[in-house]
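Read the structure below first, then the notes.
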Amino acid sequence: MTTSAPRSSQADLPAQYDPQATERALYARWAEAGVFTARAERTNREGGSVDPFVIMMPPPNVTAILHVGHGLNLTVQDVLTRWRRMAGDEALWLPGTDHAGIATQNVIEKQLAGEGKTRFDLGRDAFVARTAEFVRTTGGEILEQIKAIGGSCDWSRTRYTLSPELSVAVREAFVRLYEDGLIYRGHRVIHWCPRCLTSLSDEEAEHEEEEGKLYHIMYSLADDPSQGLTVATTRPETLLGDVAVAVNPDDDRYRDLVGKYVMLPVANVRIPVIADAYADPAFGTGVVKITPAHDANDFEVGVRHKLPMPVVITPEGTMGEVSDASGRVPAELREVDRFEARKRIVEQLRDEGQLVRVENHRHSVRHCYRCDTVVEPRLSDQWFVKMKPLAAPALDAVRSGRTRILPERWEAVYVNWLEGIRDWNISRQLWWGHRVPVFYCDDCNWQDALREDPNECPTCGGGVRQDDDVLDTWFSSWLWPMSTLGWPDEQSRDLKVFYPGDVLVTAPEILFFWVARMIMSGYRFMGDAPFHTVYLHGTARDTQHRKMSKSLGNGIDPLDVVAQYGADALRWTIVSSLGMGADAIFDPADLEKTFAPGRNFATKLWNIARFLLGQAGEDSVRPLAAIAESRLTRADRWILERLDVAIAECDAALGPARPANGTTWPVQERQRGMRLNEYAESARRFVWNELADWYLEVSKARLQSESDDREVARAVLVHAFDRALRLLHPIVPFITEALWQRLPGQRDSEFIARAPWPKARGISDAAAAEFETVRDAVVRLRQQRSAFNIPERRPVTVHVDGASQTASTLLREESATIERLSWSRLAWGDPPAGTPNAKTALAGGGTAAMLLDGNVDVAKERARFARELEELEKQLGALEKRLANPGFVQKAKPEVVGSERQKLTQWTSRRAQLAALVQSLGGA
RNA sequence: GGGCGAAUAGCUCAGCUGGUUAGAGCGCCUGUCUUACACACAGGAAGUCGGGGGUUCGAGUCCCUCUUCGCCCACCA
């Protein structure tokens, strides 16, 4: 053994960890060594022996710099990926970005507006080129941000939804669905954003509750102006597009009027009174105005009754005679904004005495999810995907347990949505995106969806033109789990090896937009779901529980946190906050309060390493397996057992990585795992409260000795810390890697990032439990010192008496440890006569009574014990009652009853001890 | 309108199938610059588990109800 001074001491390591100096360089080394690159040949899908573990990163929008919500999403994925990589899987976390159709186009249009231009000034090609250029820089920045927070993505497989490769996939999917009759051109009322100038899917038009008005308007009978019908509407401006008023066929009030005509105010056209069950007699007046071109329900009525469908609102949201509306819009209302027109029309109705009354009316109004403009329902021609056939297998996936959704409650939401699914409007009147691959010949009316651009019309040889619209951005996203792996090339190696993947990590907001659709496309094109687990994490919110957003200015820039506290601190705080399904609350006004715990934890790890390197030295240590069990002390056995417990808890919290049978989640496993906060807490408790607070303190004396026991202590210490670093690496990858690299001893990998995940030793013995007694004794002595204000450094002698034989032996054997950790000296037997003493006692299994000398207040101490005794009596009474209860003994689980009995024994003896103490201290 | 979730220490939250004396971090109080760490150490105070009712031998945990907050869905003209 060596007694020379360690070659290196903690002087090498400054007192505090500096993430800035560490993180970037470490990341570069990982990347250079290809640690994050998935190797297909190692997997059992290609003759290798290990399972693949695949996570597809939800591609961030190229427009947005990352906020802490992204940080949360990415951290979860990275923790899982790093965990599985260490656990032996061939882990693939595939990164990429999303071209984000509307969002990106809006950004560029805003830029142009600043220059006093519109996209039409540039023209389509120039606009697309400019957007692509913008995306090149922002997209790159995002990927750098992911690296800064430690994301262990496989950068060799980075993808982009608008890349040539993925565009091929998008086109293939479109053409296949078109050929299968699942994509069709629909003429109907859709959601239209007058600001973005495009149609939106149902999901993109979000409901918002608003305080509105319900206007009651008189429509006079055409043949008898003295009579009329009162209709109720929230949108009077649409009356210009009215083609009928509807009453319920069973509504006696209006039966006689069906078939007659009314005069439409303002527009002054005759429209019929029709009978349709859509009119609800109980709502308003029971009479509905029918505006087929500007209301989805009215459109249905219009179709049923073969009514004309005049469009009276322009794409820009102003009033106008767009189609079939000749003579309906008065000249003074043309080009007037719809909300201004509403005011004017109401005024006019009031003036003409047609406005019966106005009442307040709370209702929800749809808004554009990108710009918040009130959406206008408009009759238009759009491309739709028929969803019912796609939804069926996706429903079955979740019902059967092929794919689970966590937290479980979202499964019901998912099922509910899919059961009522409606067709998906996929065409957008934008320029930024995948162009609809449908071509037309204006000469012979030929039309088809094609994989390759045609030069001429295949039917008549005439010129062809491509559809002007682009596809919903989600039409590329929904293919992500397969397009990123090479689909539609069925021979693609990555596709064969890494599809289907494992876990999808995202926020609940895009369950419908994205998750459900990926499952649908997975079944449609690959015949299987793309993942077996959907983990929906909470939303990042501020302390007022408001969603963090750019507009509210309450966001946190993860890079700020990285700069101030380090990536590990950011990740630690995030993971600690990840209760299953719970939102994560961060305080943007107090980063210190929010992220200091993570930084402090990193510093703690750093200092454990400083101690280890300084006290234990960097000389090689024996592997634990080379040390005979008999050489291990109680403390050694205890910390090794605690390590086993920590490993077991971490494994249980993270849960099964995949269903046991590989395909379907059994009921008992379906909700297990993915408790990242519990995993973090277990690991933290082990390394801080057990390893650092106790084992390390206990080892100090041994490490300073020159006996062979020093080598044992070094071996155990290094082993335990090594395993702790491994357990923590997925959460705090940088500092664990930095420290692990310096650890003396055996290396079973070049990087901790690829080192094997810890396994429990599975050895447990009574000696480990005995250390708990030692710990109890130390704690009790410290409490006494504190209670009696005896300074820590002041030596006191503790006289032990009344101990049971076993406890006495144990305490004698461990007295050096107890003395050291409690700054006390143990002596056996009664104190010298005449010393002013106070009795005290040790807790737990050590039943020894002790005397603590010094100038202590006997009465005060007696009172303390009396209080403790009183409390114990109460608890003991309840316990005795419970154990005397036949119901409990018969019905409770045997192990519960057993532990209660054991407790009774312990408490009873403690009671006797306390009673004796109180008495000996002069108590009544 | 339909559905779902939350309410536990001053703050942010754990507490998984009902069963130790309900836990953690931060904050607070007392002491300590103990040769790894004051971003730390030791000790401590602090909770009628939102209100009410019920089931049970036993309820923070299950059921009903009320209150407050939040989310999702919706063809409330």
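Note on naming: letters A, B, ... go to the chains in the order of the sequence lines (proteins, then strands), and numbering restarts at 1 for each one.
- Closest approach to the A:Glu900 side chain among B:C72, B:U20, B:A74 is made by B:U20 (side chain taken as heavy atoms from C-beta onward).
- The CZ atom of A:Arg541 sits 15 Å away from the P atom of B:C69 (whole-angstrom rounding).
- In this structure, the nucleotide among B:U20, B:G43, B:A14 sitting nearest to the side chain of A:Arg782 is B:G43.
- On the P atoms, B:C76 is 41 Å away from B:G53, given to the nearest whole Å.
- Rounded to whole Å, the separation between the P atoms of B:U65 and B:C4 comes to 12 Å.
- Of the listed nucleotides (B:C72, B:U21, B:C41), B:U21 has the atom at the smallest distance from the side chain of A:Lys903.
- Within 4.0 Å (heavy atoms only), A:Lys893 reaches no atom of the nucleic acid at all.
- Here, B:A46 and B:G25 have their C1' atoms 15 Å apart, quoted to the whole Å.
- Between B:A59 and B:U20, the distance separating the two C1' atoms is 16 Å to the nearest Å.
- Spacing between atom OH of A:Tyr278 and atom P of B:A77 amounts to 7 Å, rounded to whole angstrom units.
- Put simply, the side chain of A:Trp907 and the base of B:U20 share no donor and acceptor less than 3.5 Å apart.
- B:C26 atom C1' lies 13 Å from atom CD of A:Glu681, rounded to whole Å.
- A donor-acceptor contact closer than 3.5 angstrom is absent between the side chains of A:Asn677 and A:Ser576.
- In the set B:A74, B:A24, B:C37, B:C37 carries the atom at the smallest distance from any side-chain atom of A:Arg610.
- At a cut-off of 3.5 Å, with distance as the only test, no side-chain donor of A:Asn248 or A:Tyr278 sits close to an acceptor on the other residue.
- Pairing for B:U17 is absent, with no Watson-Crick or G-U wobble pair whose two atom distances lie under 3.5 Å.
- Electrostatic pairing of A:Glu359 and A:Lys213 does not count as a salt bridge here, judged by no charged N lying under 4.0 Å from a carboxylate O.
- Judged purely by distance below 3.5 Å, without hydrogens or angles, the side chains of A:Glu210 and A:His367 pair a donor atom with an acceptor atom.
- Distance, A:Phe721 CZ to B:A36 C1': 10 Å, rounded to whole Å.
- When the nucleotides B:C39, B:G43, B:C26 are ranked by their closest atom to the side chain of A:Val779, B:G43 comes out on top.
- Within the 3.5 Å criterion, the main-chain N or O of A:Gly212 finds no donor-acceptor partner in the side chain of A:His361.
- Nucleic acid contact for A:Ile585: sugar-phosphate only, since backbone atoms but no base atoms lie under 4.0 Å from a heavy atom of the residue.
- In terms of phosphate contacts, A:Lys881 brings no side-chain nitrogen or oxygen within less than 4.0 Å of OP1 or OP2 of B:C57.
- The cationic atom of A:Arg404 (NZ for Lys, CZ for Arg) lies less than 6.0 Å from the six-membered ring centre of A:Trp665 and within 45° of the ring axis.
- Base engagement by A:Ala692 is indicated by at least one non-hydrogen atom pair under 4.0 Å involving a base atom.
- Rounded to a whole angstrom, the distance from the C1' atom of B:A14 to that of B:G3 is 27 Å.
- No engagement by A:Asp298 is indicated, since no non-hydrogen atom pair under 4.0 Å with the nucleic acid exists.
- Here B:C57 is the nucleotide among B:C57, B:C76, B:A36 with the atom lying nearest to any side-chain atom of A:Asn885.
- Here B:A36 is the nucleotide among B:A36, B:G25, B:A42 with the atom lying nearest to any side-chain atom of A:Lys604.
- Rounded to a whole angstrom, the distance from the P atom of B:A42 to that of B:A38 is 14 Å.
- Counting non-hydrogen atoms under 4.0 angstrom, A:Phe601 reaches nothing in the nucleic acid.
- Side-chain contact check for A:Arg610 and A:Asn607: at least one donor-acceptor pair (N or O, by modelled atom type) lies under 3.5 Å.
- Between A:Gln783 atom CD and B:A42 atom P there is a gap of 12 Å when expressed in whole angstrom units.
- Residues A:Glu411 and A:Arg670 are paired through a salt bridge, judged by an N-O separation under 4.0 Å between the basic side chain and the carboxylate.
- The side chain of A:Lys593 lies closest to B:C11, out of B:C11, B:C71, B:A36.
- Phosphate contact (OP1/OP2 of B:U21, side-chain N/O of A:Arg882, threshold under 4.0 Å): present.
- In terms of position on RNA chain B, the residue among A:Trp823 and A:Asp295 whose nearest nucleotide sits closer to the 5' end is A:Trp823.
- If you check every strand for non-hydrogen atoms under 4.0 Å, A:Ala296 touches nothing.
- Atom C1' of nucleotide B:A40 and atom OH of A:Tyr17 are separated by 19 Å, given to the nearest angstrom.
- At the heavy-atom level, A:Ala232 lies under 4.0 Å from base atoms of the strands shown.
- At a threshold of 4.0 angstrom between heavy atoms, the contacts of A:Arg672 with the nucleic acid are absent.
- Interface remark: the A:Glu697 side chain does form a donor-acceptor pair with the B:A36 base, using a distance-only criterion of under 3.5 Å.
- In this structure, CZ of A:Arg820 is placed 16 Å from P of B:C41, rounded to the nearest angstrom.
- Within the nucleic acid shown, A:Glu678 comes within 4.0 Å of sugar-phosphate atoms alone, with no base atom in reach, counting heavy atoms only.
- In this model, the phosphate group of B:G18 is not approached by any side-chain N or O of A:Lys891 to a distance below 4.0 Å at OP1 or OP2.
- Remark: B:A6 base-pairs with B:U68; criterion is Watson-Crick or G-U wobble with both hydrogen-bond distances under 3.5 Å.
- The partner of B:G58, taking Watson-Crick or G-U wobble pairs whose two distances both stay under 3.5 Å, does not exist in any strand shown.
- Of the two residues near RNA chain B, A:Arg409 and A:Arg422, the one whose nearest nucleotide lies more 5' is A:Arg409.
- Here the CD-OG1 distance, from A:Glu900 to A:Thr905, works out to 11.0 Å after rounding to the nearest 0.5 Å.
- Looking at heavy-atom distances under 4.0 Å, A:Gly212 makes no contact with the nucleic acid at all.
- Rounded to an integer number of Å, the gap from CZ of A:Phe513 to C1' of B:C72 is 13 Å.
- At B:A40, one or more side-chain N or O atoms of A:Asn600 fall inside 4.0 Å of OP1 or OP2 (strictly under the cut-off).
- Within the 4.0 angstrom heavy-atom criterion, base atoms lie near A:Leu696.
- By the 4.0 Å N-to-carboxylate-O rule, A:Lys593 lies too far from A:Asp587 to be salt-bridged with it.
- Phosphate proximity of B:C41 to A:Trp688: present, with a side-chain N or O under 4.0 Å from OP1 or OP2.
- Across all strands shown, B:A22 has no partner, as no Watson-Crick or G-U wobble contact with both distances under 3.5 Å is found.
- B:A9 sits 10 Å from B:G23 when the C1' atoms are compared, rounded to a whole Å.
- Going from the P atom of B:C71 to that of B:C57 covers 42 Å, rounded to whole Å.
- Using the Watson-Crick or G-U wobble rule with both distances under 3.5 Å, B:G1 pairs with B:C73.
- At the heavy-atom level, A:Thr234 lies under 4.0 Å from the strands shown only through sugar-phosphate atoms.
- As the counterpart of B:A42, B:U30 is assigned, both hydrogen-bonding distances of the Watson-Crick or G-U wobble pattern falling under 3.5 Å.
- Contacts of A:Ser364 with the nucleic acid, taken as non-hydrogen atoms under 4.0 Å apart, include base atoms.
- Counting non-hydrogen atoms under 4.0 angstrom, A:Glu209 reaches a base of the nucleic acid.
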